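Remarks on the structure that follows.
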Amino acid sequence: MTPAELLLLVASVGFGGTFVALAAVTMGVSVRGRRRDRRRVKGRESVRRELLEYAYSEDREWESWLKTLSGRERAQLEPVLERYLRTVSGRDRERFLELASVIELGRRADEALDTTDVPRRLQALSTLAVVEHPVEIERLVETCSDNRRTREGVARLLYERRHEYDAPAAAGTELMLAEGTEPLTIYGMETLFDLNRGRETPLLALASERAGEWNPAVLVQVCRVLEFCQITAADASFEWLLALFEHETPAVRASAVRVLKGQGWRRSLREELPYRTLIGDDDPEVRQAVYETLAYWGDADARQLLEWAVVDESDPRCQLVAIRGLVSMGADPAVEHRGWPVTAWRWIEAEFAVDSSKRLAGMPRGPE
Amino acid sequence: MSEKLILIAEDDADLQPLLVFTFESNGYETRTFDNGEEAWAFLESSERRPTAMVSDVMMPDVGGLELLRRCADDPDLAEIPTVVLTALDAEDHVEEAFDAGADDYLTKPFSPNELVTRVERLLRRVEQ
């Protein structure tokens, strides 16, 4: 055997041995993980059964009951209990709250807020959102303001326990947008909407003060949330929004326009909307937003601009939005389609066929 | 064996035993399924017709609304009173569930006592 062949043999044996060893370790870890999962599932099944039977029994003595649980069951008790606290309401929830208090679920979660470990703090916030342990807003802000996810967690907690705090919507909104440099997660956006969809919309006042500091992605999210909030306060301020029509990012300009969809009843605000400038915007997304807003308002001025857009707009998608708008405002396609672009009209026809067979019934065919 | 059988279609492993416990403590027998497909297979093959059904909406494979639609299309099953139990609370979802054949709609978090009361109210209506 030549030295090269010997070297090749040694290398092959080495690689082969390493491969077998790695495969064995992987298998071992996998089998161990599977056993652990099986034990966890068994423990969870068993504790669910025990918990339900005991929770509905008369003369509950939770401390004595806890002593009867095995270690495996005890480990699964808290996740099961939290699940029930989240899913169950009414008198039944009271039973589970009793146990949460006995095992000091809230106190321990409160303590966990002091750690630097983000997942642990998130878990703690999630627990605190469903138990009745009192936590001051100041403490939540002090311990959880350093990270976007924990800020969103605090805001969610404030929403879930909104009846226990003063001005939870304002506090949660302010905390979530404290920095305004990093976009919110989708959960954060949902929380922002939940906090602001009531009679008060603190997001509007905050945006009025701070919109200039927020980055474009955050501005788009804020506008998106405000678009769906039903803002009815007579003194609501939209001046900051009008300034966004000149923002350098098209998505910001478009989302700012869409906020006004639901505000068409404010005559003075409508008069301030620079339609003609906006429908001359270079970006079709902005023009689409204008046509959507006009269609939503649905008055004679809006109709006139949409009719213009159907013929003179250079972007086919914008034309489509304008046609959709006219149809939604009651334009009779059989009479009015003559000047409409054939491709857009065919698209509308297909949408009607798929989307609304009832509305399509009896509608004449478009141009061939 | 109880005369009254409640079919429960719910994929949440923690919630399923709570529903079973709630109905069994009120004198009902239960059959549980993790998805609409399994529930449908039971309904199609079993000679015993459930007295009422409680179904989640979002479940793997066949969801609750599809299960309801299949039942509505089957003359033998269409009359079974059904309560939809879901976390979906938007108006559209509620309308869609009633269109699919639901007789009642309850959102999570829910009160187990209220669920039983609603099922019993539906059963009384059927008996009348």
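Predicted model, so just to flag it, every value in this text is computed and none were measured. Quick note on labels: first sequence line is chain A, next is B, and so on, each numbered from 1.
- For F110(B), the parts sitting under 4.5 Å from any heavy atom of chain A are the backbone and the side chain alike.
- More than 12 heavy atoms of other residues, nucleotides or ligands lie within 6.0 Å of CZ in R108(A), so this atom counts as buried by the packing criterion.
- The environment of CZ in F98(B) is crowded: more than 12 heavy-atom neighbours from other residues, nucleotides or ligands sit within 6.0 Å.
- L18(B) approaches Y56(A) most closely through the heavy-atom pair CD1-OH, 4.2 Å.
- With a 4.5 angstrom heavy-atom cutoff, R44(A) touches chain B only via side-chain atoms.
- Between S89(A) and P112(B), the shortest heavy-atom contact is O-CD, 4.3 Å.
- Atom-to-atom distance recorded for R49(A):CZ and F21(B):CZ is 12.0 Å, nearest 0.5 angstrom.
- When heavy atoms are compared at a cutoff of 4.5 Å, R91(A) approaches chain B solely by way of its side chain, counted from C-beta outward.
- Residue contact with chain B, scored on non-hydrogen atoms closer than 4.5 Å, involves the backbone and the side chain of E53(A) alike.
- The neighbour count for Q230(A) CD, taken as heavy atoms of other residues, nucleotides or ligands under 6.0 Å away, does not exceed 12.
- Summarising the local packing, CZ of R324(A) is surrounded by more than 12 heavy atoms from other residues, nucleotides or ligands at distances under 6.0 Å.
- Rounded to the nearest 0.5 Å, atoms CZ (R86(A)) and CG (D14(B)) are 11.5 Å apart.
- Applying the 6.0 Å contact sphere to CD of E200(A) captures no more than 12 heavy atoms from other residues, nucleotides or ligands.
- Atom OH of Y165(A) sits in a crowded spot, with more than 12 heavy atoms from other residues, nucleotides or ligands closer than 6.0 Å.
- Applying the 6.0 Å contact sphere to CD of E114(B) captures more than 12 heavy atoms from other residues, nucleotides or ligands.
- Both the backbone and the side chain of A13(B) come within contact range of chain A, judged by heavy atoms closer than 4.5 Å.
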